[in-house]
Amino acid sequence: MKNRFLELYLCSLTILTMGVFEIIFNYTKASTTEDFNFGILKLIAGSILLIYTITHHVKCNKNRKQLERELSKEYDERDDLIDGKASHFTMSTLMIMIFLMMFLSRWISIPTDMALFIIIIFCMITNGLAKKYYSHFL
């Protein structure tokens, strides 16, 4: 989340500086009555983006602090137990899946990227189902 705001700040400041440089360097070339100066448009767009970024950043910080306070009250040891059991089950099924793919690769040619994709998808599904199972029964 912080990285996104950094990118928005940098983008808005870049647009602002491009607008300033364009106004400075195009001021001597053309008069304002003949050509439309796009530097002013860039300044306006950059300032609007900067104001939006600042307000959105402040609002997200306020919401994040409130959310952290609410989540810290609800967090308990049960979540650690569910995560541990789900990860143990996922690792067990991952080892079985890898041995199965190694066994099948003797007779069937499986491309490496396809095999890795299948393993990743299988692990995501297994982890999600294991968390649902353990949260339901614990």
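Please read all numbers here as calculations on a predicted model, not as lab measurements. Counting begins at 1 with the first residue of the sequence.
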Are [X] and [Y] in one and the same hydrophobic cluster, where Ile, Leu, Val, Met, Phe, Trp and Tyr link if side-chain heavy atoms are under 4.5 Å apart?
| X | Y | answer |
| --- | --- | --- |
| L129 | I82 | no |
| M18 | L43 | no |
| L41 | I51 | no |
| I120 | I96 | no |
| F99 | L116 | no |

Please give me the minimum heavy-atom distance between [X] and [Y], naming the atom from each residue.
| X | Y | answer |
| --- | --- | --- |
| F89 | A130 | CD2-CB, 3.6 Å |
| A86 | N127 | CB-OD1, 3.7 Å |
| L50 | S12 | CD1-OG, 3.4 Å |
| D83 | K131 | OD1-CE, 3.4 Å |
| Y9 | H57 | OH-ND1, 3.0 Å |
| G39 | E22 | N-OE2, 3.6 Å |

[X] side, atom [atom1]; [Y] side, atom [atom2] - distance, nearest 0.5 Å:
| X | Y | atom1 | atom2 | result |
| --- | --- | --- | --- | --- |
| I48 | I44 | CD1 | CD1 | 7.0 Å |
| T126 | I121 | OG1 | CD1 | 10.5 Å |
| Y52 | S47 | OH | OG | 15.0 Å |
| F21 | L16 | CZ | CG | 11.5 Å |
| K85 | T90 | NZ | OG1 | 13.0 Å |
| M114 | M101 | CE | CE | 9.5 Å |

- So F103 and W107, would you call those rings parallel, tilted or perpendicular, with 30° and 60° as cut-offs?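 Because their plane-to-plane angle is over 60°, the rings of F103 and W107 count as perpendicular.
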
- Message: Please identify which of these residues, I15, L13, L8, meets the side-chain contact (heavy atoms from CB on, under 4.5 Å) condition with C11.
- Response: I15

- Per the side-chain contact (heavy atoms from CB on, under 4.5 Å) rule, which among L104, L100, I98 passes with M102?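 Looking at L104, L100, I98, the match for M102 under the side-chain contact (heavy atoms from CB on, under 4.5 Å) is I98.
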
- Task: Inspect the surroundings of NE2 in H56 and state if more than 12 heavy atoms from other residues, nucleotides or ligands are less than 6.0 Å away.
- Result: yes

